[in-house]
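Some notes on the structure that comes next.
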2 protein chains.
Amino acid sequence: MRPTARQVAELANVSVATVSYVLSGKDRPVAAETRQRVLDAARQLGYTPNQAARSLRKRRTQRVCLVLSSFGGVPTDARLATDLHEMADARGYSVVTLSVYDEARAQAAVEVLRGGIADGALIRLTGGHLEQGLLGGLADTGLPMVVMSNGSGLEGCDVVRTPEVEACAEAVEHLLTTGRRRVAFMGQRYEVYSDKPEGRLLGYLTALERNGGAERIITGGADDRVAAYQTATGLLSSPDRPDAIFAASDRAAISAIWAARDLGLSVPGDVAIVGVGNIDEGLISNPQLSTVGPLRHDYTDVVRLLFDRLQAEEPPPAREIVRSWTFVRRGSS
Amino acid sequence: MRPTARQVAELANVSVATVSYVLSGKDRPVAAETRQRVLDAARQLGYTPNQAARSLRKRRTQRVCLVLSSFGGVPTDARLATDLHEMADARGYSVVTLSVYDEARAQAAVEVLRGGIADGALIRLTGGHLEQGLLGGLADTGLPMVVMSNGSGLEGCDVVRTPEVEACAEAVEHLLTTGRRRVAFMGQRYEVYSDKPEGRLLGYLTALERNGGAERIITGGADDRVAAYQTATGLLSSPDRPDAIFAASDRAAISAIWAARDLGLSVPGDVAIVGVGNIDEGLISNPQLSTVGPLRHDYTDVVRLLFDRLQAEEPPPAREIVRSWTFVRRGSS
DNA sequence: CTGTTAGCGCGTTCAC
DNA sequence: GTGAACGCGCTAACAG
């Protein structure tokens, strides 16, 4: 059985109140000798306060929740997690992560968050319907949330946006204005099979539109590296193969470079390739990967949004941050 | 303010006990009409039971905790997470994840787990000292744990091991017996800078030993793709370059393939390359990657260990599973 | 079939 | 400086 404050108190010959005061580091004065007895007793018993009881009483968990789509490991998620952990540490919060990669997980996450697992949440999901499911289920809770998303209907929480559509359009326009005539889009499932184009696909379509409506070539396959390789191989083996591929992720774009090279095609000579995300790996591909995304992966501003809200006296009004995205032209285009 | 069971009770004109019985799905008989009133009231107020109060009272959280080193995204972690979530769902548990990528996070995880966030934990860390810190801090709690590790001192919890050393030795021996004379080892920081060789490094050393003590060439750089590329470039640019590289991860091995090709070296002609992990990406590299690891990524047996322990009447004795690893020779060696 | 009651472990008044 | 007593929101035992 886990030791309780009562047991510590008995062992130290004090009351539970004194144990609480000593261990929660309040400024209430406690005699040095008493304090030491309590500390010794706690150590001896291996006592750690029960967080459920503590949060029930204090009506705060001192925890924040990070909600991510997957452990598939986009570097953005990793950096975001690091920045969150760091600031949480500094402000005396713990971090727990919820992984939401499908509808069932979105429902589960709603339950857990409604159940009060944390005082606030930082949410970054890829896949519009997952986000809708989650935020819809949380709308009436007033839980402090920061959402990284370009979606709509995000009232009541802080929102962090990127100029994704415009930046992708710029990248595709670059391809078109440097002489590419058949630009293919390789997207993620949720984009390609959505009823209304958004995000990266919308950027692609916008660019085609602006440039006199070049042919639309739209495929999936950007969800993982193997699928991307296979998709790119298919595209590039066709007799009327594209002369450029705009991939919805850098990982997919790098797979496409491999596919092209394995088919004996030169990049960017025969086919130009551009990705999204600006991950470090793009610097070691051959040729180096052209991409669009943030220049620096620093999310302290995002994270600060959450903690400022948590620690404010008055709930601040919903804020919005727009991060900057840049087209980075390298060797692959 | 979040609605409480009391408010639901008042709205439905029943007692809080009835609310509890209706919503927690106990078999206590409740009149259909009463039940409906409670359900309506709960829905109307947007009531979700406070998990802190519930676990305090039930002395169970109905949660399990997944502890991982990072979101860097080894596919193994992703599959493990999927299998855990699935079985948790089926058995009525939630899953929260703790991310332990450094010493501070290990300490934080100890606090959180000691604080009682979950009824059990599934732990898979890379980095011996992190694991020691975590398990040491949890040793006296009796928390049900399943640990995926080849370390020692893991009494009291279920352990899942791999024949890592022997399998890696086999891979390196394969290189030596196919005529390679200078086999380099590219490892992760925690292996290379450890005082006592273990794991993949130990496998490498064992193979050298067995084959008459070929020269040891040991570098770091396997922690991320860019570092691996740079390290491999350095190794392979040297006048007495190795004619084989055994990398501690498939991702690093693939970076090494790129590095070799960018230097105009043929793989496996000039340099053979072997990785660890058997990730899918090895099938689309050129040449395909030789590797050592599990043939199937299925972790239901691991996950079952945890839930069986959680749901058993009597705590079962500590179990041990040894998963099989195989050397898979492909084109790169 | 339903209501009343007594804690779960802790933090916080209020007395002393 | 310290202890006793109350209640956070909920479930489980016991009455009725």
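Protein chains get the first letters and strands the later ones, always in sequence-line order, with residue 1 at the start of each.
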Whole-Å distance separating the [atom1] atom of [X] from the [atom2] atom of [N]:
| X | N | atom1 | atom2 | value |
| --- | --- | --- | --- | --- |
| L56(A) | dG9(D) | CG | P | 7 Å |
| N50(B) | dG9(C) | CG | P | 16 Å |
| L45(A) | dG9(C) | CG | C1' | 15 Å |

- Would you indicate which nucleotide in dG11(C), dC1(C), dC10(D) comes nearest to any side-chain atom of A31(B)?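 The nucleotide sitting nearest to the side chain is dC1(C).
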- Does the side chain of D119(A) come under 3.5 Å of the side chain of T61(A) through a donor N or O and an acceptor N or O?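 D119(A) vs T61(A): donor-acceptor pair found between side chains.
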- Task: Classify the side-chain pair T4(A)/N50(A) by whether it contains a donor and acceptor separated by less than 3.5 Å.
- Result: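 Short answer, no.
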- Query: Out of curiosity, R319(A) CZ to L305(A) CG, how far, rounded to the nearest 0.5 Å?
  - Reply: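 R319(A) atom CZ to L305(A) atom CG measures 6.0 Å (nearest 0.5 Å).
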- Message: Taking side-chain hydrogen bond (donor to acceptor under 3.5 Å, both in side chains) as the criterion, tell me which of E131(B), R161(B), R124(B) meets it with S149(B).
- Response: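 Considering E131(B), R161(B), R124(B), a side-chain hydrogen bond (donor to acceptor under 3.5 Å, both in side chains) with S149(B) is found only for E131(B).
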- Most 5' of K58(B) and A32(B) on DNA chain C, judged by nearest nucleotide: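 First, find each residue's nearest nucleotide; the 5'-ward one identifies A32(B).
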- Looking at DNA chain C, which of residues 2-23 of chain A put a heavy atom within less than 4.0 Å of it?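 Heavy-atom cutoff 4.0 Å gives T4(A), A5(A), A17(A), S20(A), Y21(A).
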So, is [X] near the phosphate of [N], with a side-chain N or O under 4.0 Å from OP1 or OP2?
| X | N | answer |
| --- | --- | --- |
| T34(B) | dC1(C) | no |
| R28(A) | dG11(C) | no |
| R59(A) | dG9(D) | yes |
| R54(A) | dC10(C) | no |

Over all strands shown, is [X] touching base, sugar-phosphate only, or nothing at heavy-atom distances under 4.0 angstrom?
| X | result |
| --- | --- |
| S55(A) | nothing |
| P49(B) | sugar-phosphate |
| R57(A) | base |

Using every non-hydrogen atom in the two residues, find where [X] and [Y] come nearest and quote the distance to one decimal.
| X | Y | value |
| --- | --- | --- |
| T82(B) | Y101(A) | CA-OH, 3.6 Å |
| C157(B) | M145(B) | CB-O, 3.2 Å |
| L113(A) | A121(A) | CD2-CB, 4.4 Å |

